[in-house]
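In what follows, a structure is listed as C-alpha cells, so that the remarks can point back to it.
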Amino acid sequence: MIETRRIDNISLVGFMGTGKTSVGHHLAAMLRFRFLDTDELIERRAGKRISTIFSEDGEPAFRKLEAEVVEELGSWKHTIISTGGGLVTHSDNMPRLKTRSLVVCLWASPNVIWKRVRLQSNRPLLNTPDPLARITELLAEREPFYRQSDILMNTEVRSVKQMAHQVALQFRMIQSKQPNREGEDSQTSD
Ligand code: S3P
C-alpha cells in the first residue's frame, strides 16, 4: 500500500536501455531533486568500471555492492535513484527501495532494448555471441521482479520528457496525500 509508506524519493528500475538515466535526469531537474545512479556510485567507490568489477571480482561481488548501496538509501530524501538493470533481482532490494521511494519500472521489449544498446560496449552481461537472445532470456527471468514496482511504464510509446512528466505527476499526487512530515531527520549526501 503506497498510502502507508513514506515516499520521499523516486527509484527507477528496469532493464538496460530502458532510459532510466535520461528519465531520471529529467525528473531531477523538474522536481529539483538530486540524481543518484547506483552504477556510478559503485564505480566511484570501487575505483573501477562495472565491466572491470565483473571481470576481476565476478557478478556476485557486484550484486553485493549494489545491495550495500540500497541499504544506505533508507534515510535519503528528495532523490531520484536510477538503478542498475539487475539490482531488483536481489530479493532484499525491492522492499528496501519501497521503504522511501515510489518505484517506477521502465519497460521495453527485447528488440527495442537491443536496438538501443547494440552500439554500446559497457554492458558486461551482453558480451555474448547472441546478445538479443541473452536480453530475451534475462528480461523473462527478471519480469517477476520488475512487476513488483509501484508503476510499470512502457517506454516504447512515450518520449523521455513525457515519461518524466507522467512520473512527476504521479509522485506529486501521492505526496499530496501523505501526512506532513516536516522536521523529520533526513540525509541528502553520500
Ligand atoms: C546490469 C545493468 C547495468 C549494470 C551492470 C549490470 C544488469 O546497468 O548495472 O552492467 O544486470 O542488467 P544499466 O541497467 O544502467 O545498464
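Note that the numbering runs from 1 along the sequence shown for the chain. Just so you know, ligand 1 is whichever comes first in the structure, and atom 1 is the first atom listed for that ligand.
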- What residue pairs, at least two apart or across chains, pass side-chain hydrogen bond (donor to acceptor under 3.5 Å, both in side chains) with a residue in residues 16-30? none

Between ligand 1 and the protein, which N/O pairs are shorter than 3.5 Å?
unit_1: ligand 1; atom_1: 8 (O); unit_2: D39; atom_2: OD2; d: 2.8
unit_1: ligand 1; atom_1: 9 (O); unit_2: D39; atom_2: OD1; d: 2.8
unit_1: ligand 1; atom_1: 9 (O); unit_2: D39; atom_2: OD2; d: 3.0
unit_1: ligand 1; atom_1: 11 (O); unit_2: R63; atom_2: NH2; d: 2.7
unit_1: ligand 1; atom_1: 11 (O); unit_2: G86; atom_2: N; d: 3.4
unit_1: ligand 1; atom_1: 11 (O); unit_2: R142; atom_2: NH2; d: 2.7
unit_1: ligand 1; atom_1: 12 (O); unit_2: G86; atom_2: N; d: 3.4
unit_1: ligand 1; atom_1: 12 (O); unit_2: R142; atom_2: NH1; d: 2.7
unit_1: ligand 1; atom_1: 12 (O); unit_2: R142; atom_2: NH2; d: 3.4
unit_1: ligand 1; atom_1: 14 (O); unit_2: K20; atom_2: NZ; d: 2.5
unit_1: ligand 1; atom_1: 14 (O); unit_2: G85; atom_2: N; d: 2.8
unit_1: ligand 1; atom_1: 15 (O); unit_2: D39; atom_2: OD2; d: 3.4
unit_1: ligand 1; atom_1: 16 (O); unit_2: R123; atom_2: NE; d: 2.9
unit_1: ligand 1; atom_1: 16 (O); unit_2: R123; atom_2: NH2; d: 3.0

- Query: Is there a path of hydrophobic side-chain contacts, each under 4.5 Å between heavy atoms of I, L, V, M, F, W or Y residues, that connects F15 with F145?
  - Reply: yes

- Item | R172, Q175, H78 screened by side-chain contact (heavy atoms from CB on, under 4.5 Å) with L31, the one that passes | R172

- Message: Check this for me: K48, atom NZ, are more than 12 non-hydrogen atoms of other residues, nucleotides or ligands nearer than 6.0 Å?
- Response: yes

- Query: Is a side-chain donor-acceptor pair under 3.5 Å present for S109 with E156?
  - Reply: yes

- R96/S11 under side chain to side chain donor-acceptor pair (under 3.5 Å): CA gap, chis, key distance, verdict: CA-CA 11 Å; R96 280 192 179 135; S11 290; over 6 Å; no

